[in-house]
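See below for the structure under consideration.
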Amino acid sequence: MTDSKETVAIVIPVFNEEHVLPELLARLGGLLAGQPGLAWRVVFVDDGSRDRTAELVRAQAAADPRFELVELSRNFGFQSALSAGLARAAGADAVVTMDADLQDPPELIPKLIAAWRSGAEVVRAVRASRSETGLRRMGFDLFHSLYGRLTDIPVESNTGTFGLLGGPALEAFAQLPERNRFFPGLRAWIGFPTADVAYDRQERAAGRPKQTLRRLVRYAVDGFFSFSYLPLRFLTYSGILVSLLGFILGLYFIVKRLLGIETASTGFTTLVSLVTFLGGIQLIGIGVLGEYLGRVYDEVKQRPIYIVKPPRR
Ligand code: UDP
Ligand code: MG
């Protein structure tokens, strides 16, 4: 036997992170040095950075073969970059998924591994506290309370990407073919025994958040539509309700007519509000259908989730 050590891979998507990389690499170095009993792999996925991110990781990989760089051909977004990293880590005994910005402290990783050792196939790092404030914070809270109520497979509200997947969970994840990927949802969907480890979420160590608010909103919408039929069901229910009301209204006028009570020929306000109200409901309905249709279109095109940059010549 040459090497019977367990392999633990750490997958980190990076996008324009030159300012945090030095500290991240130093802290990862400390972690690896403290756990010599494991065969480590640190897989950085460069998601089309326009700064020195790839260069810094490449230098680190040249100095220490435990570090690897996967370069995507352009910016595909966090979820795609994460999938690229998980694919590269295939075969590892366990994979840790984390952000680069040190909001997820690498020092927690031994605890994630300990939870995995005691039998969990999926380990989620749960935030005992959150550093986001203001609009972002409100957005996160609103998303999680709605998501928990509306979808069939709820996601623990204080978890994000940070966590660990055991080998079987990693294989299960690789079988999921969808293009619209919402990692916490998929991780819950797999259904493997799960453990939680609490931690304090830190401030971003340097630089600005790379996920724009628009991206986060898109991500939240993706989360809903990939895990819930409720918007469609809601349309059906409101359709049934409105037609029932129409039926009763019709009956009312017929009976009135039969009894010989004259119906006033006004009612312009009622008509206008009914027409606009129903028109609005129909437009919303088309929009909701469109959300699903667009996602179906994405899947049907069968495009890969990411493209790796061609090797340099
Ligand atoms: N990231 C990425 N591609 C993107 C945007 C972000 O790979 O298009 C990475 C980023 O480098 C970081 C992680 O995703 O490692 C989380 O990003 P950020 O901290 O900006 O997001 P937030 O903390 O708001 O979730
Ligand atoms: Mg962050």
Side-chain angles (χ1 to χ4, degrees), residues 9-25 27-28 42-57 60 67-89 95-106 108-109 124-127 129-144 147 155 157-163 179-185 187 199-223 305-309:
I10 305 177
V11 169
I12 312 175
V14 278
F15 177 54
N16 294 341
E17 297 288 11
E18 64 178 3
H19 297 296
V20 288
L21 266 176
E23 187 183 341
L24 175 63
L25 290 172
R27 282 168 66 177
L28 285 173
V42 184
V43 178
F44 281 96
V45 182
D46 178 41
D47 189 15
S49 297
R50 285 176 283 271
D51 64 0
R52 295 178 52 243
T53 299
E55 200 181 308
L56 292 175
V57 175
Q60 177 74 17
F67 289 77
E68 299 168 42
L69 173 64
V70 179
E71 267 186 282
L72 302 188
S73 62
R74 63 169 172 85
N75 180 244
F76 280 89
F78 176 76
Q79 297 296 317
S80 304
L82 187 64
S83 300
L86 292 174
R88 171 65 79 97
V95 180
V96 174
T97 48
M98 65 184 284
D99 288 357
D101 57 4
L102 295 167
Q103 284 191 291
D104 307 334
L108 193 76
I109 292 175
R124 304 178 297 189
V126 182
R127 295 151 193 162
S129 65
R130 262 198 112 120
S131 58
E132 280 93 3
T133 49
L135 201 60
R136 267 178 184 244
R137 174 68 200 242
M138 268 165 56
F140 283 122
D141 286 348
L142 179 71
F143 171 70
H144 279 293
Y147 190 87
V155 163
S157 70
N158 284 314
T159 58
T161 315
F162 196 21
R179 272 86 197 141
N180 289 302
R181 298 172 90 77
F182 176 59
F183 181 74
R187 186 172 59 185
Y199 77 110
D200 287 315
R201 188 144 167 101
Q202 315 291 313
E203 295 284 351
R204 185 173 241 286
R208 297 182 48 74
K210 303 302 180 297
Q211 303 266 55
T212 56
L213 201 59
R214 221 182 95 220
R215 269 252 170 96
L216 287 177
V217 170
R218 238 206 87 160
Y219 184 43
V221 172
D222 264 357
I305 299 162
Y306 54 85
I307 294 286
V308 175
K309 214 178 203 173

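For ligands, and for the atoms within them, numbers begin at 1 and follow the listed sequence.
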- Query: Under 3.5 Å, side chain of Thr53 to main-chain N/O of Phe15, donor-acceptor pair present?
  - Reply: no
- Task: May I ask you to list the atoms of ligand 1 that are less than 4.0 angstrom from any heavy atom of Asn75?
- Result: 3 (N), 4 (C), 8 (O)
- Query: Under the 6.0 Å and 45° cation-pi test, does Arg201 pair with Tyr199?
  - Reply: no
- Whether Glu17 side chain and Asp101 backbone form a donor-acceptor pair below 3.5 Å: no
- Message: Are Phe78 and Tyr219, when compared by the centres of their aromatic rings, separated by less than 6.0 Å?
- Response: no
- Message: Quick check against the 3.5 Å criterion: does Thr161 have a side-chain atom that pairs as donor or acceptor with the backbone of Thr97?
- Response: no
- Under 3.5 Å, N or O to N or O, is Ile12 touching ligand 1 that way? no
- Message: I'd like to check whether Phe15 has a polar contact with ligand 1, where a contact means an N/O of the residue lying under 3.5 Å from an N/O of the ligand.
- Response: yes
- Where the side chain of Ser49 meets the backbone of Asn16, is there a donor-acceptor pair that is under 3.5 Å apart? yes
- Arg208 near ligand 1, heavy-atom distance under 4.0 Å? no
- With atoms numbered from 1 as shown, which atoms in ligand 1 lie under 4.0 angstrom from a non-hydrogen atom of Asp47? 2 (C), 3 (N), 4 (C), 7 (O), 8 (O)
- Is there any N or O on Pro209 that sits under 3.5 Å from an N or O of ligand 1? no
- Message: So if I count the atoms of ligand 1 from 1 in the order they appear, which ones are less than 4.0 Å from some heavy atom of Ala100?
- Response: 12 (C), 15 (O)
- Ligand-residue contact atoms, ligand 1 with Glu17, heavy atoms, under 4.0 Å: 10 (C), 11 (O), 12 (C), 15 (O)
- Task: Please find the N/O/S atom of Asp101 nearest to the Mg ion (ligand 2) and write down its name.
- Result: OD2
- So for Lys210 against ligand 1, with non-hydrogen atoms under 4.0 Å, the contacting part is both
- Considering only heavy atoms of Arg204, which atoms of ligand 1 have at least one such atom less than 4.0 Å away? 18 (P), 19 (O), 20 (O)
- Proximal ligand 1 atoms for Gln103, defined as those under 4.0 Å from one of its heavy atoms: 19 (O), 23 (O)
- Task: Give a yes or no answer on whether the side chain of Glu18 reaches the backbone of Arg52 with a donor-acceptor pair at less than 3.5 Å.
- Result: yes
- Message: Determine whether a donor-acceptor pair (N or O, by modelled atom type, separation under 3.5 Å) exists between the side chain of Asn75 and the backbone of Gly48.
- Response: no
- Message: I'd like to check which ligand 1 atoms, numbered from 1 as shown, lie under 4.0 Å from a non-hydrogen atom of Val14.
- Response: 7 (O), 11 (O)
- Between Asp47 and Ala81, is there a donor-acceptor pair closer than 3.5 Å when you use the side chain of the first and the backbone of the second? no
